Amino acid sequence: MESNSLDFKINIQSKKINEHVEPDVDLTVDKYDAVYQNTQQEEEVEAAHKDLLIQEYDITEAAHPYYCVVALVLTSIPGLTFILLQDVIHAYPLVILLQLTQFLLLKNYLGQKLIGLRWWIEMDLKGEQKWMFQTQLQEQSNKVDKYFFWSCLIYGTLFWGLMCLGDFFGLKILWLPLPIICFVLSLTNLQGFYKCRGEHKKKLQQLKREMTKGGMNIVGMIMK
């Protein structure tokens, strides 16, 4: 048998393939812009917080700036005296006298002027202690007065608490009773005003409910 040979001619023509290649885009500038914007926003927020903090303690915006200064001075002097005096004999009566003066003035006078609150303790017929509160119907609106007063109470209590811990761990047996006495006075004042503040809020809520109820009664009478 004869083999038939088949010749295949394949013509391959070169084709030009035009591919559109995107150039490499440098995103470095965009990244830096995004980071810069985020950093700028964080700085603006931080500056706003600082401005708010400055406004809260801006003595020129206080309704009673002199009372704010007096509260700050009365809170600072006992602690400075305790730190500077090295003589136990002179430190005890002087620091206790200064702290007791701060306690009484904040409780009976400055509390009324700055936040409109006052507290005291009475004994009932059974011999039990009863907390008494005096509040104003209209809440004090000046924020600077509030911040100064509550800062004096809170930071004063924290200071004497730290002094107690320092003398306790430092084994200063002779000095330890002094910061304990001052801490108890500061904590009692803070507790009293905190309870008085809660009582004041209850009175305000009760007054709002009574006003709302009275308004509804008036509306009902008009509708009849």
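Since the structure is predicted, the reported quantities are computational estimates derived from the model, not experimental observations.
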Next item on the list: For residues Met123 and Gln129, determine if any side-chain heavy atom of one lies less than 4.5 Å from a side-chain heavy atom of the other.
Entry: yes
Check: What do the steps show when you test Phe148 against Ile59 for side chain to side chain contact (heavy atoms under 4.5 Å, CB included), and what is the final call?
Finding: CA-CA 9 Å; Phe148 264 91; Ile59 194 68; 4.0 Å; yes
Check: Same cluster for Leu104 and Leu74 if Ile/Leu/Val/Met/Phe/Trp/Tyr side chains link at under 4.5 Å?
Finding: yes
Item checked: Minimal non-hydrogen separation, Thr75 against Gly156, with atom names -> CG2-CA, 4.1 Å
Note to self: Nearest 0.5 angstrom please: Asp145 CG to Leu110 CG, how far?
What the structure shows: 10.5 Å
Next item on the list: Please work out which of the three classes, parallel, tilted or perpendicular, describes the rings of Phe193 and Phe149, given edges at 30° and 60°.
Entry: perpendicular
Next item on the list: Would you check if the side chain of Asn142 reaches a backbone N or O of Glu61 as a donor-acceptor pair within less than 3.5 Å?
Entry: yes
Next item on the list: Working to the nearest 0.5 Å, report the span between CZ of Phe133 and CD1 of Ile121.
Entry: 8.5 Å
Check: Between His64 and Tyr67, how do the two ring planes meet: parallel, tilted or perpendicular, split at 30° and 60°?
Finding: tilted
Next item on the list: Would you mind reporting whether Thr60 and Pro65 have side-chain heavy atoms less than 4.5 Å apart?
Entry: no
Checklist line | Trp120 and Glu122 side chains, donor-acceptor separation under 3.5 Å | finding: yes
Next item on the list: Check Trp131 against Thr188 and note the closest heavy-atom contact, atom names and distance.
Entry: CH2-O, 4.5 Å
Note to self: Looking at Ile89, I want to see if its CD1 is surrounded by more than 12 non-hydrogen atoms of other residues, nucleotides or ligands under 6.0 Å.
What the structure shows: no
Next item on the list: Check whether any side-chain heavy atom of Ile115 sits under 4.5 Å from a side-chain heavy atom of Trp150, and report yes or no.
Entry: yes
Notebook entry, point to check: When rounded to the nearest 0.5 angstrom, what is the spacing between CG in Leu117 and NZ in Lys195?
Noted result: 14.5 Å
Check: Taking atom OH of Tyr155 and atom CG of Leu162, what is their separation to the nearest 0.5 Å?
Finding: 12.5 Å
Next item on the list: Can you measure from NZ (Lys107) to CD (Gln102) and round to the nearest 0.5 angstrom?
Entry: 12.5 Å
Notebook entry, point to check: Taking all non-hydrogen atoms of both residues, which atom of Cys196 and which atom of Thr135 are closest, and how far apart?
Noted result: SG-CG2, 3.7 Å
Scan the side chains in residues 176-187 for donor-acceptor partners under 3.5 Å anywhere in the protein, sequence neighbours excluded, and list what turns up.
{"from": "Ser186", "atom 1": "OG", "to": "Gln99", "atom 2": "NE2", "distance (Å)": "2.9"}
{"from": "Ser186", "atom 1": "OG", "to": "Cys182", "atom 2": "O", "distance (Å)": "3.1"}

Checklist line | Reported CH2-to-CG distance for the pair Trp119 and Asn108, which is rounded to 0.5 angstrom | finding: 8.5 Å
Check: Can you tell if the side chain of Met132 reaches within under 4.5 Å of the side chain of Gln134, non-hydrogen atoms only?
Finding: no
Margin query: Could you see if Tyr109 belongs to whatever hydrophobic cluster contains Leu190? Use Ile, Leu, Val, Met, Phe, Trp, Tyr and a side-chain cutoff under 4.5 Å.
Written below: yes
Check: If two hydrophobic side chains count as joined below 4.5 Å and joins carry through other members, does Leu97 share a cluster with Phe159?
Finding: no
Next item on the list: Treat each ILVMFWY residue as a node, draw an edge where side-chain heavy atoms are under 4.5 Å apart, and state whether Met163 and Phe168 are in one component.
Entry: no
Notebook entry, point to check: How far apart are the closest heavy atoms of Val144 and Asp58, and which atoms are they?
Noted result: CG1-O, 3.4 Å
Notebook entry, point to check: Hey, quick one: are Tyr92 and Leu80 part of the same hydrophobic cluster, counting side-chain heavy atoms closer than 4.5 Å, chains of contacts allowed?
Noted result: no
